[in-house]
K.L.:
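If you scroll down you'll find the structure; I have some questions about it.
Being a predicted model, the structure only gives us computed values, none of them experimental. The basis for the numbers below is simple: all heavy atoms, side chains too, and nothing from hydrogens, waters or symmetry mates.
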Amino acid sequence: MAELARARILVTNDDGIHAPGLKVLEAAARSLSDDVWVVAPEVEQSATSHSLTTRRPLRVRRFGERRLAVDGTPTDCVLVAAKKILLDGPPDIVLSGVNHGANLAEDVGYSGTVAAAMEAAFLGFRAIAFSQVGISGQPVDFAPAEAWLPRLIERLYDRPWQRDQLINVNFPPRRANEINAVRVTHTGRRDASVGLVEGRDPGGRPYLWIGDWADDSTSDRESDLAAIAEGAIAVTPLHLDLTHHAALAALKESFA
Ligand code: MN
């Protein structure tokens with residue numbers, strides 16, 4: 001693996017190539033290496049999870065020498081980058097984000113930001129997803145991510161990476177100089193799940209709209225939710241293998 005100053009870094013996201021959080025992550029990557037590539041969705045793909053576009057062709061648009069957009073999902077972007085764009089050498093690390101808003105607890109299952117990192121891990125690359133948690137009703141302020149990204153990327157890059165592993169990082173909505181801890185956490189569970197808003201459109205027809213977001217309260221003090229609530233950066237290792245290993249023996253027993 002190349003040292004970070006020579007590393008090939010692929011930057012992607014799910015908020016789209018014009019998203020402010022992508023620019024923050026791209027700038028951090030460029031402060032660390034000269035070989036930075038951006039391959040991101042042309043338009044926002046939040047909550048598309050790990051979906052792959054298979055029923056229509058994909059188009060690639062070039063915005064700069066090393067800046068390209070794909071009219072697909074975050075997963076499409078990582079695949080296209082690895083198999084079509086970076087033909088002279090694979091990325092040493094894939095960075096996804098910085099997402100506009102949290103990817104904590106069950107968000108991880110819906111997140112396009114995390115899915116891009118999952119796809120990178122599938123392909124055998126080191127991968128980190130970054131998200132900046134906001135305060136409800138206010139625009140997300142990326143300053144904490146901006147201040148902490150370079151040293152976090154440096155620290156995470158040099159650690160031993162295991163196959164099928166990725167890292168999920170969330171920055172708390174605190175002033176950067178008030179953040180004094182990086183907490184290694186596990187993925188939590190909110191006490192309540194996301195809700196539905198009911199209403200009527202201007203023509204009088206009823207609709208349902210997903211997005212009555214649950215609050216982040218949790219009783220699990222070791223979780224990503226708790227770290228963010230306490231103003232720490234939450235760093236969670238994730239694993240691609242969804243097998244519930246503890247259940248294997250009992251399930252085998254049921255079919256013996
Ligand atoms: Mn997003």
Side-chain angles (χ1 to χ4, degrees), residues 1-45 58-100 103 111-132 142-159 161 165-171 176 233 235:
M1 116 185 173
E3 63 175 294
L4 186 53
R6 292 202 179 79
R8 171 161 283 187
I9 303 177
L10 172 63
V11 178
T12 190
N13 75 346
D14 78 352
D15 293 330
I17 189 133
H18 302 298
L22 180 76
K23 294 190 172 70
V24 168
L25 184 54
E26 187 181 351
R30 290 197 197 285
S31 76
L32 298 167
S33 167
D34 292 330
D35 192 9
V36 175
W37 292 73
V38 175
V39 182
E42 202 165 283
V43 294
E44 189 183 343
Q45 299 288 320
L58 293 171
R59 310 270 181 196
V60 179
R61 271 181 74 189
R62 194 173 277 275
F63 285 88
E65 198 204 331
R66 296 182 183 185
R67 235 174 166 269
L68 303 99
V70 177
D71 65 343
T73 65
T75 302
D76 297 334
C77 289
V78 173
L79 263 184
V80 168
K83 294 186 184 292
K84 188 65 195 171
I85 296 168
L86 302 176
L87 292 178
D88 58 336
D92 294 294
I93 189 163
V94 178
L95 308 177
S96 180
V98 177
N99 188 59
H100 182 276
N103 276 309
S111 169
T113 307
V114 173
M118 288 172 66
E119 185 61 21
F122 267 136
L123 295 170
F125 310 136
R126 298 177 192 81
I128 313 172
F130 294 101
S131 303
Q132 174 65 61
F142 288 96
E146 196 168 16
W148 280 82
L149 274 167
R151 68 191 111 159
L152 266 177
I153 295 167
E154 275 178 318
R155 182 74 65 89
L156 291 170
Y157 185 78
D158 280 333
R159 58 179 290 283
W161 283 81
Q165 189 191 75
L166 57 144
I167 307 286
N168 183 33
V169 176
N170 280 265
F171 298 99
I233 296 170
V235 175

K.L.:
Should Ile9 and Leu4 be marked as a side-chain contact (heavy atoms from CB on, under 4.5 Å) after you check the CA-CA gap, both sets of side-chain angles, and the distance that decides it?
P.N.:
CA-CA 9 Å; Ile9 303 177; Leu4 186 53; 4.2 Å; yes

K.L.:
Identify every side-chain donor-acceptor pair in residues 79-86 under 3.5 Å, counting partners at least two apart or on other chains, and give the distances.
P.N.:
none

K.L.:
Residues two or more places apart in sequence or in another chain: which of them pass side-chain hydrogen bond (donor to acceptor under 3.5 Å, both in side chains) with Arg6?
P.N.:
Glu3

K.L.:
If only atom types and distance count, is the side chain of Thr113 paired as donor or acceptor with the main-chain N or O of Ser96 below 3.5 Å?
P.N.:
no

K.L.:
Heavy atoms only: give me the nearest Phe171-Pro144 pair and the separation to one decimal.
P.N.:
CD2-O, 4.3 Å

K.L.:
Taking everything shown except Arg151 itself, do over 12 heavy atoms lie less than 6.0 Å from its CZ?
P.N.:
yes

K.L.:
Restricting to ring-ring contact (aromatic ring centres under 6.0 Å, His included), what partner residues turn up for Phe122, sequence neighbours left out?
P.N.:
His50

K.L.:
Using a 4.5 Å cut-off on heavy atoms from C-beta on, say whether the side chain of Pro91 contacts that of Trp37.
P.N.:
no

K.L.:
Ala143: which residues meet the side-chain contact (heavy atoms from CB on, under 4.5 Å) condition with it, sequence neighbours left out?
P.N.:
Asp141

K.L.:
As an exercise, state the distance from CG of Leu68 to CZ of Arg59, rounded to the nearest 0.5 Å.
P.N.:
15.5 Å

K.L.:
Please identify each residue that fulfils salt bridge (Lys or Arg N to Asp or Glu O under 4.0 Å) with Asp34, with sequence neighbours left out.
P.N.:
none

K.L.:
What residue pairs, at least two apart or across chains, pass ring-ring contact (aromatic ring centres under 6.0 Å, His included) with a residue in residues 75-95?
P.N.:
none

K.L.:
If you take all heavy atoms of Ala116 and Thr12, which pair is closest and at what distance?
P.N.:
CB-CG2, 3.6 Å

K.L.:
Only pairs under 3.5 Å count here: list side-chain donor-acceptor contacts from residues 15-29, not counting sequence neighbours, and write none if there are none.
P.N.:
{"residue": "Asp15", "atom": "OD1", "partner": "Ser46", "partner atom": "OG", "Å": "2.9"}
{"residue": "Asp15", "atom": "OD2", "partner": "His100", "partner atom": "N", "Å": "2.8"}
{"residue": "Lys23", "atom": "NZ", "partner": "His18", "partner atom": "O", "Å": "3.3"}
{"residue": "Glu26", "atom": "OE1", "partner": "Arg67", "partner atom": "NE", "Å": "3.1"}
{"residue": "Glu26", "atom": "OE1", "partner": "Arg67", "partner atom": "NH2", "Å": "2.9"}
{"residue": "Glu26", "atom": "OE2", "partner": "Arg30", "partner atom": "NE", "Å": "3.4"}
{"residue": "Glu26", "atom": "OE2", "partner": "Arg30", "partner atom": "NH2", "Å": "2.8"}
{"residue": "Glu26", "atom": "OE2", "partner": "Arg67", "partner atom": "NE", "Å": "3.1"}

K.L.:
Can you name the residues that form a side-chain hydrogen bond (donor to acceptor under 3.5 Å, both in side chains) with Asn103, not counting sequence neighbours?
P.N.:
Ser111, Ser131

K.L.:
Working to the nearest 0.5 angstrom, can you tell me the gap between Arg66 CZ and Leu10 CG?
P.N.:
12.0 Å

K.L.:
Can you see which heavy atom on Trp148 is nearest to which on Ala176, and at what distance?
P.N.:
NE1-O, 3.3 Å

K.L.:
Look up atom CG in Leu95 and atom CD1 in Ile167, then write down how far apart they are to the nearest 0.5 Å.
P.N.:
12.0 Å

K.L.:
Short question: side chain of Gln132, backbone of Ala145 - any donor-acceptor pair under 3.5 Å?
P.N.:
yes

K.L.:
Residues in side-chain hydrogen bond (donor to acceptor under 3.5 Å, both in side chains) with Arg8, at least two apart?
P.N.:
Asp35, Asp88

K.L.:
Just to verify, what does Thr73 make a side-chain hydrogen bond (donor to acceptor under 3.5 Å, both in side chains) with, not counting sequence neighbours?
P.N.:
Asp76

K.L.:
Phe130 and side chain to side chain contact (heavy atoms under 4.5 Å, CB included): which single residue from Asn13, Asn168, Val114, Ile153 fits?
P.N.:
Ile153

K.L.:
Under the side-chain contact (heavy atoms from CB on, under 4.5 Å) rule, collect the residues that match up with Ala117, sequence neighbours excluded.
P.N.:
Ala127, Ala129, Leu166

K.L.:
Taking all atoms of both residues into account, what is the closest heavy-atom pair of Tyr157 and Asp92, and its distance?
P.N.:
OH-CB, 3.4 Å

